[in-house]
Amino acid sequence: YLSANLDFLGDDNLSDLYTSDLLPNTAFQSLPSDLTAAGAAPKIAPSTLIERNGELIGVVGATTQVLESITTTNGVSVINGGRNDMPALAALLQPVIDDLIAAGSNKIILASHLQQFALEQELAGLLSGVDIILAGGSDRILADQTDRLRSGDEAEDAYPFVTENLDSEPVLIVSTDGEYSYVGRLVVGFDENGVVLLSSLNEGVNGIYITDDAMIAQVYDDPSMAFAENSKGELVSRLTDAVNDVVISKDGNILGLTDVYLNGRRERVRTEETNMGNISADANLFVAKSYDESVSVSIKNGGGIRAAIGEVVEVIPGVFDFFPPQANAISGKEEGEVSQLDVENTLRFNNRLSIVDLSAADLLAVMEHGFSATEEGATPGQFPQIGGMKVSFDPEQEPGSRIQNLVIVDEAGLPLDSVAIDGEINGDAERVIKVVTLNFIAGGGDGYPFDELGENRVDLDTVGLEAGTFDFAPAGSEQDAFAEYLNTFFSLTGYAEAETPVEEDERIQITTERDDDVFVFCAEGFFPAPEQLGVIQNSSSDFVLVRWRPVPGSTVCQIEGGLVDGPTETILVYADEDGTEPRRKRIAKSRFQLGETYQVKVRCACSE
């Protein structure tokens with residue numbers, strides 16, 4: 001493992017495997033039986049040298065500077081980390097690169113895992129001597145005209161991406177999708193000074209190779225040789241065969257039904273609302289409410305969703321259809337059934353659930369953080385997927401001042417609490433709102449300030465939740481929440497909320513993509529509660545006056561009132577003919593009893 005910007009000395013499990021020496025790659029080789037022997041070969045270093053045909057190739061590693069906020073690092077720390085700062089990273093890498101050059105290498109490869117392809121692009125221009133960057137973590141698909149792609153995939157740029165280093169010499173950056181969807185190949189020539197020869201690049205050779213049977217037939221004269229005894233392919237087959245029975249068993253454990261494709265694709269869950277994000281957030285809220293009914297909001301990070309549930313099919317060239325999970329004859333799974341395997345694949349980390357108290361102001365701050373890294377071309381893992389809320393934000397505003405409106409809603413989508421209006425806190429900023437989130441971000445993961453702002457944290461895996469129908473994941477975990485939610489609501493009829501384009505998203509409204517209608521509930525029910533609700537009684541009159549300030553556009557308001565803890569009556573008040581919103585109603589005193597206490601509430605809508 002190569003990384004020049006991580007400090008392993010604070011981790012007892014890894015420190016003895018680390019060396020700061022510049023060694024050839026052969027110095028790291030050992031058998032498993034040698035790992036604990038005295039003088040065992042090291043396994044971690046900043047860089048290495050590889051010799052091929054008399055040429056020295058230098059390889060240096062770099063890890064995302066925000067590692068400590070996106071995962072649990074134990075004793076490993078990031079040198080000058082905490083935020084993405086490419087000049088600072090370049091300052092750490094350049095001395096290591098210089099050592100490789102001093103050792104006789106004029107061909108330098110940077111193996112990086114910076115999570116965002118744009119960061120590798122920026123870093124390239126800050127480094128001297130670098131020729132090739134293997135960009136990891138962003139899953140950005142680069143391809144050329146000869147490359148065949150999987151259904152639903154699109155190339156975001158050419159393979160390789162060509163830019164320049166600090167010396168104004170060519171740098172080639174390569175990247176492809178994860179999970180062995182493709183194998184990337186780069187064949188490149190250099191001049192006598194170790195400078196990349198762009199004329200050596202051949203589209204027919206370079207690019208990404210799709211990992212399917214057709215590609216095996218294309219690249220092997222005899223396809224059976226791909227799995228010849230002790231070949232890499234045959235060794236992989238041994239591994240997959242060994243776990244096949246486990247996979248079949250998990251795919252046969254059916255949790256519920258979906259009529260639609262559940263979109264958990266990286267480029268979507270980290271940039272916009274998706275139906276996979278919605279159902280997962282709702283499942284977490286469902287379980288949290290079973291423990292504490294007062295929990296009203298669910299927040300999770302899009303980076304915790306690792307895959308979609310369903311299948312993408314190219315129906316005609318360039319046109320794709322998105323289907324629910326397809327049948328698997330081997331496991332007995334039927335079309336539309338969601339299995340344990342599906343859920344374990346998409347919610348791979350299986351974070352535990354935590355309930356945290358936030359003030360209204362703190363909830364706004366938490367959500368501002370969720371949208372703070374959104375920008376063109378970025379796929380930040382902190383991007384939130386939510387339940388129990390509707391929110392609008394403007395990515396063109398400065399981070400920390402992006403949210404326009406935020407309202408807490410009930411299960412029917414009706415408003416309960418208007419938290420932010422026009423970017424400002426509405427009402428008592430200190431009122432408590434209970435939030436369910438993942439223990440990862442409750443502890444500060446992905447940079448969320450829950451650990452600083454939240455109070456009274458309750459970890460649901462520790463409170464003895466009742467066991468549900470399924471036991472493959474611990475109670476109080478997100479996999480178990482998803483399974484029990486499906487079983488409760490979608491065991492007989494499938495989940496039917498199809499993925500919507502970003503301009504039609506309702507929970508997370510991006511104002512550069514659509515109009516902000518967070519406070520429009522015409523199609524769903526009622527507006528937010530009217531303001532300045534009051535009751536006026538004049539002793540000389542024979543009526544009580546109820547008056548309020550309605551949301552503009554109200555056409556009908558409903559007054560509901562009666563004795564405290566007693567039966568209620570409902571009165572409807574309509575807008576005037578000139579369109580003036582209803583704002584008052586006289587109620588005869590004969591409806592009231594002297595000495596009794598009454599309660600009244602008013603809500604308004606834009607249609608009857």
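Keep in mind that what you see is a predicted model, and the values were worked out from it rather than measured.
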Do [X] and [Y] have side chains that get closer than 4.5 Å, going by heavy atoms?
{"X": "Asn405", "Y": "Asp422", "value": "yes"}
{"X": "Ile279", "Y": "Leu486", "value": "yes"}
{"X": "Arg150", "Y": "Val312", "value": "no"}
{"X": "Glu455", "Y": "Val432", "value": "no"}
{"X": "Thr64", "Y": "Asn84", "value": "yes"}
{"X": "Thr71", "Y": "Thr73", "value": "yes"}
{"X": "Asn426", "Y": "Glu531", "value": "yes"}
{"X": "Met367", "Y": "Ile386", "value": "yes"}

Inset, instruction - Could you tell me whether Arg514 and Glu506 have a side-chain N and a carboxylate O separated by less than 4.0 Å? - result: yes
Legend entry - Note: Arg402-Asp394 ion pair, threshold 4.0 Å (strictly below): no
Is the count of non-hydrogen atoms from other residues, nucleotides or ligands lying under 6.0 Å from [X] atom [atom1] greater than 12?
{"X": "Ile330", "atom1": "CD1", "value": "no"}
{"X": "Leu492", "atom1": "CG", "value": "no"}
{"X": "Asp428", "atom1": "CG", "value": "yes"}
{"X": "Asp241", "atom1": "CG", "value": "yes"}
{"X": "Phe470", "atom1": "CZ", "value": "yes"}
{"X": "Glu411", "atom1": "CD", "value": "no"}

Output the distance between atom [atom1] ([X]) and atom [atom2] ([Y]), rounded to the nearest 0.5 Å.
{"X": "Leu438", "Y": "Asn301", "atom1": "CG", "atom2": "CG", "value": "5.5 Å"}
{"X": "Ile70", "Y": "Gln65", "atom1": "CD1", "atom2": "CD", "value": "11.5 Å"}
{"X": "Asn439", "Y": "Arg457", "atom1": "CG", "atom2": "CZ", "value": "6.0 Å"}
{"X": "Asp292", "Y": "Asn456", "atom1": "CG", "atom2": "CG", "value": "10.5 Å"}
{"X": "Phe349", "Y": "Thr72", "atom1": "CZ", "atom2": "OG1", "value": "10.0 Å"}
{"X": "Ile408", "Y": "Ser418", "atom1": "CD1", "atom2": "OG", "value": "9.0 Å"}

Legend entry - Evaluation steps, side-chain contact (heavy atoms from CB on, under 4.5 Å), between Ile299 and Met389: CA-CA 9 Å; Ile299 303 172; Met389 283 190 294; 3.9 Å; yes
Side-chain donor-acceptor pair present, [X], [Y], cut-off under 3.5 Å:
{"X": "Gln382", "Y": "Ser372", "answer": "yes"}
{"X": "Glu120", "Y": "Ser112", "answer": "yes"}
{"X": "Asn284", "Y": "Ser298", "answer": "no"}
{"X": "Ser3", "Y": "Asn5", "answer": "yes"}
{"X": "Asp517", "Y": "Gln509", "answer": "yes"}

Which atoms form the tightest heavy-atom contact between [X] and [Y], and what is the distance?
{"X": "Gln385", "Y": "Thr274", "value": "OE1-N, 3.3 Å"}
{"X": "Thr211", "Y": "Ser181", "value": "OG1-O, 2.9 Å"}
{"X": "Thr511", "Y": "Ser392", "value": "CG2-CB, 4.1 Å"}
{"X": "Ala442", "Y": "Thr437", "value": "CB-CG2, 3.8 Å"}
{"X": "Leu123", "Y": "Leu114", "value": "CD2-CD1, 4.0 Å"}
{"X": "Pro325", "Y": "Thr258", "value": "CD-CG2, 3.4 Å"}

Inset, instruction - Evaluate the criterion side-chain contact (heavy atoms from CB on, under 4.5 Å) for residue pair Lys43 and Ser30; output intermediate values, then yes/no. - result: CA-CA 9 Å; Lys43 295 296 177 186; Ser30 63; 2.9 Å; yes
I'd like to know if the side chain of [X] reaches the main chain of [Y], judged simply by a donor and an acceptor atom lying under 3.5 Å from each other, with no hydrogens or angles considered.
{"X": "Gln479", "Y": "Leu347", "result": "yes"}
{"X": "Gln116", "Y": "Thr379", "result": "yes"}
{"X": "Gln115", "Y": "Pro380", "result": "no"}
{"X": "Arg140", "Y": "Gly137", "result": "no"}
{"X": "Lys289", "Y": "Ser296", "result": "no"}

Inset, instruction - Quick one: which residue pairs count as a ring-ring contact (aromatic ring centres under 6.0 Å, His included) with a foot in residues 393-438, not counting sequence neighbours? - result: Phe371-Phe393
Name every donor-acceptor pair, under 3.5 Å, that has one atom in a side chain of residues 493-504 and the other anywhere in the protein, sequence neighbours excluded.
| from | atom 1 | to | atom 2 | distance (Å) |
| --- | --- | --- | --- | --- |
| Glu499 | OE1 | Asn275 | N | 2.8 |
| Glu499 | OE2 | Asn263 | ND2 | 3.4 |
| Thr500 | OG1 | Asp505 | OD1 | 2.6 |

Legend entry - Qualifying salt bridge (charged side-chain N to carboxylate O under 4.0 Å, His left out) pairs with a residue from residues 63-83, counting only residues at least two apart or across chains: Arg83-Asp85
Inset, instruction - Only pairs at least two apart or in different chains count here, so list each salt bridge (charged side-chain N to carboxylate O under 4.0 Å, His left out) that has a residue in residues 270-287. - result: Asp282-Arg507
Inset, instruction - Show your working on side-chain contact (heavy atoms from CB on, under 4.5 Å) between Phe490 and Val338 and close with a plain yes or no. - result: CA-CA 10 Å; Phe490 304 105; Val338 179; over 6 Å; no
Inset, instruction - Sort and list the pairs that fulfil side-chain hydrogen bond (donor to acceptor under 3.5 Å, both in side chains) and have at least one residue in residues 341-352, not counting sequence neighbours. - result: Glu179-Arg348, Lys250-Glu344, Lys333-Asp342, Ser339-Asp342, Gln340-Glu344, Asn345-Arg348, Asn350-Ser477, Asn351-Glu478
Legend entry - Sole candidate of Asn487, Thr488, Asp480 that passes side chain to side chain contact (heavy atoms under 4.5 Å, CB included) when paired with Thr469: Asn487
Legend entry - Intermediate values then yes/no, side-chain contact (heavy atoms from CB on, under 4.5 Å), Phe472 and Leu255: CA-CA 11 Å; Phe472 68 89; Leu255 314 178; 3.8 Å; yes
Legend entry - The single option from Phe450, Tyr448, Phe383 passing ring-ring contact (aromatic ring centres under 6.0 Å, His included) against His369: Tyr448
Please tabulate, for side-chain N and O atoms in residues 12-20, each donor-acceptor pair with protein atoms closer than 3.5 Å (sequence neighbours left out).
| from | atom 1 | to | atom 2 | distance (Å) |
| --- | --- | --- | --- | --- |
| Ser15 | OG | Asp11 | O | 3.3 |
| Thr19 | OG1 | Asp21 | N | 3.1 |

